[in-house]
K.L.:
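Quick one: this structure, given as structure tokens, is what I'll be asking you about.
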Protein chains: 2
Amino acid sequence: MAANSQFAVAVHILAMLAKSCEENVKSDCIAASVNTNAVVIRRLLCGLQQAKLVVSQTGANGGTRLARQPENINLLEVYRAALPHAEVFALHRQTPNQKCFIGKNISKVLENLQAEIDEAVEEKLLRYSLADVLESVERK
Amino acid sequence: MAANSQFAVAVHILAMLAKSCEENVKSDCIAASVNTNAVVIRRLLCGLQQAKLVVSQTGANGGTRLARQPENINLLEVYRAALPHAEVFALHRQTPNQKCFIGKNISKVLENLQAEIDEAVEEKLLRYSLADVLESVERK
DNA sequence: GTATTTGTAACTATTCTTGTTACAGTTATG
DNA sequence: CATAACTGTAACAAGAATAGTTACAAATAC
């Protein structure tokens, strides 16, 4: 799979914004730090903006800044903003054979399991704020 | 992404084997239930065999059966056997810019977070046995 | 008004998963 | 012991998702 690094990049972006306090940061600058193209960053910023985590400004001297204090942004919000359809594991690609007893009934069981696992992940993410991330980064 | 459904299929496979008790089940039969090609099933069975969850037998009248009772197979083993490199989220594709303070230090922080999240998932999976899955399937 | 910056579309490249064909090796069974 | 039935696996094609790139319209500070 082309492994999905959007959450990792989103956290990186937000850490940069957090470090720059109230100042507008340009997508070019973030792209240089992440080591990718500025459009990739702007795409992610779009999602973060819709989630009301950041505020962007077009035009000369524009850029992006945090919409809230790092203490008030938790990683679950970031996760959901970056990966709106995140799931720890995927269900069957083709629907199983409904004429087979297992095939007919396994999907519901897997769905329930999936929901429970996803919940465990989200619960864990909820415990961390962007401020925690920034603190960890600075401690190194 | 081509979403990875290998864990879901692995559980499906094992549920079929569990239901067939000690009898050899053929990859063709499993493939028909999963609604895919038999080679896809055999590939997964290979991993399950290496993890000592199943025993396969080549030749006429061959097939695969569980290596242990369903009560003694937990879903974490299945997860690891099906997805040896599973991670809930991926890290940066390109290493970040080491000249940038955030770029230089964010990876380690994300790695730690990743490890913690993965652990939460594994802990959850550990609580379920194949017998639990089979029971849920039958209860429907 | 001009330079700067975001937002976004459109397309390509990359990478991973799944599906398929083919065939060598193994084994039960008549 | 020949044959049919299976697994194991390689090799490749197809499919699907992410990431990278180019281009340009729209917005805005100065």
Side-chain angles (χ1 to χ4, degrees), chain A residues 1-10 12-13 17 20 23-32 34-51 54-65 67 82-87 89-96, chain B residues 1-10 12-13 17 20 23-32 34-51 54-65 67 82-97:
Chain A
M1 166 181 37
N4 192 323
S5 62
Q6 286 169 103
F7 174 67
V9 174
H12 186 150
I13 291 173
L17 298 185
S20 301
E23 262 178 65
N24 276 345
V25 182
K26 302 182 202 342
S27 59
D28 266 341
C29 166
I30 302 174
V34 172
N35 201 3
T36 185
N37 191 291
V39 173
V40 172
I41 301 300
R42 292 207 288 273
R43 272 203 286 247
L44 271 167
L45 282 173
C46 246
L48 298 177
Q49 206 175 357
Q50 279 170 23
V54 305
V55 176
S56 288
Q57 198 175 314
T58 61
N61 226 356
T64 306
R65 59 188 185 283
L83 304 166
H85 306 299
E87 282 154 355
F89 64 85
L91 302 180
H92 292 71
R93 205 139 121 170
Q94 313 291 340
T95 66
Chain B
M1 164 178 39
N4 192 323
S5 63
Q6 285 169 104
F7 173 68
V9 175
H12 186 151
I13 291 172
L17 299 185
S20 301
E23 262 178 65
N24 276 344
V25 183
K26 303 181 201 343
S27 61
D28 266 341
C29 165
I30 303 173
V34 173
N35 202 2
T36 184
N37 191 291
V39 174
V40 172
I41 301 300
R42 292 208 288 272
R43 272 202 287 250
L44 272 166
L45 282 173
C46 246
L48 298 177
Q49 208 175 357
Q50 278 170 24
V54 305
V55 176
S56 288
Q57 198 176 315
T58 60
N61 228 354
T64 306
R65 59 188 186 282
L83 304 167
H85 306 299
E87 281 155 357
V88 173
F89 64 85
L91 301 180
H92 291 72
R93 206 139 124 171
Q94 313 290 340
T95 65
N97 185 347

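Order of the sequence lines sets the chain letters (A, B, ...), proteins ahead of strands, with each chain counted from 1.
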K.L.:
Can you tell me how far C1' of dT17(C) sits from CD1 of Ile41(B), to the nearest Å?
P.N.:
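To the nearest whole Å, that distance equals 14 Å.
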
K.L.:
If the condition is side chain to side chain donor-acceptor pair (under 3.5 Å), which residues does Arg65(B) pass it with, not counting sequence neighbours?
P.N.:
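Expected list: Asn24(B), Gln57(B).
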
K.L.:
For Thr64(B), which contact category applies under a 4.0 Å heavy-atom criterion: base, sugar-phosphate, or nothing?
P.N.:
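Counting heavy atoms under 4.0 Å across all strands, no contact is made by Thr64(B).
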
K.L.:
Grab the CD-P distance between Gln6(B) and dA16(D) for me, whole Å please.
P.N.:
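Going from CD in Gln6(B) over to P in dA16(D) covers 16 Å.
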
K.L.:
Who passes side chain to side chain contact (heavy atoms under 4.5 Å, CB included) against Val25(A), sequence neighbours left out?
P.N.:
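Applying side chain to side chain contact (heavy atoms under 4.5 Å, CB included) to Val25(A) gives Leu17(A), Ser20(A), Cys29(A), Ile30(A).
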
K.L.:
With sequence neighbours left out, what residues match Ala60(B) under side chain to side chain contact (heavy atoms under 4.5 Å, CB included)?
P.N.:
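Per chain and number, Ala60(B) pairs via side chain to side chain contact (heavy atoms under 4.5 Å, CB included) with no residue.
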
K.L.:
Just by protein heavy atoms under 4.0 Å, how would nucleotides 21-30 of chain C read 5' to 3' in B, S and -?
P.N.:
BB---BBBS-

K.L.:
With sequence neighbours excluded, what pairs up with Phe89(B) under the ring pair (Phe, Tyr, Trp, His ring centres under 6.0 Å) test?
P.N.:
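For Phe89(B), the residues satisfying ring pair (Phe, Tyr, Trp, His ring centres under 6.0 Å) (neighbours in sequence not counted) are Phe7(A).
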
K.L.:
Please identify each residue that fulfils side chain to side chain contact (heavy atoms under 4.5 Å, CB included) with Asp28(B), with sequence neighbours left out.
P.N.:
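With sequence neighbours excluded, Asp28(B) shows a side chain to side chain contact (heavy atoms under 4.5 Å, CB included) to Ala38(B), given in chain and number order.
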
K.L.:
Round to the nearest Å and state the distance from Ile13(B) atom CD1 to dT18(C) atom C1'.
P.N.:
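Interatomic distance, CD1 of Ile13(B) to C1' of dT18(C): 13 Å.
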
K.L.:
Side chain to side chain contact (heavy atoms under 4.5 Å, CB included) with Gln50(B): which residues, sequence neighbours excluded?
P.N.:
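Gln50(B): no side chain to side chain contact (heavy atoms under 4.5 Å, CB included) contacts found.
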
K.L.:
Output the residues of residues 43-51 of chain B in contact with DNA chain C, where contact means a heavy atom of the residue under 4.0 Å from an atom of the strand; sort by number or write none.
P.N.:
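Residues of residues 43-51 of chain B under 4.0 Å from DNA chain C: Arg43(B).
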
K.L.:
Quick one: Lys26(A) NZ to dA27(D) P, roughly how many Å, whole number?
P.N.:
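After rounding, the gap between these two atoms is 19 Å.
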
K.L.:
Tell me the interatomic distance from Glu23(A), atom CD, to dT5(C), atom C1', rounded to whole angstroms.
P.N.:
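Checked: the CD to C1' distance equals 16 Å.
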
K.L.:
Rounded to whole angstrom units, what separation is found between the CZ atom of Arg65(A) and the P atom of dT5(C)?
P.N.:
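Rounded to whole Å, this separation is 15 Å.
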
K.L.:
Side-chain N or O of Thr36(B) versus OP1/OP2 of dG19(C): is the shortest distance under 4.0 Å?
P.N.:
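Affirmative; the distance criterion is met.
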
K.L.:
Nearest whole Å is fine: how far is dA19(D) P from Phe7(A) CZ?
P.N.:
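My rounded result for the distance is 14 Å.
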
K.L.:
Please give, in whole Å, the distance from dG19(C) C1' to Ile30(B) CD1?
P.N.:
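In whole Å, dG19(C) C1' lies 17 Å from Ile30(B) CD1.
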
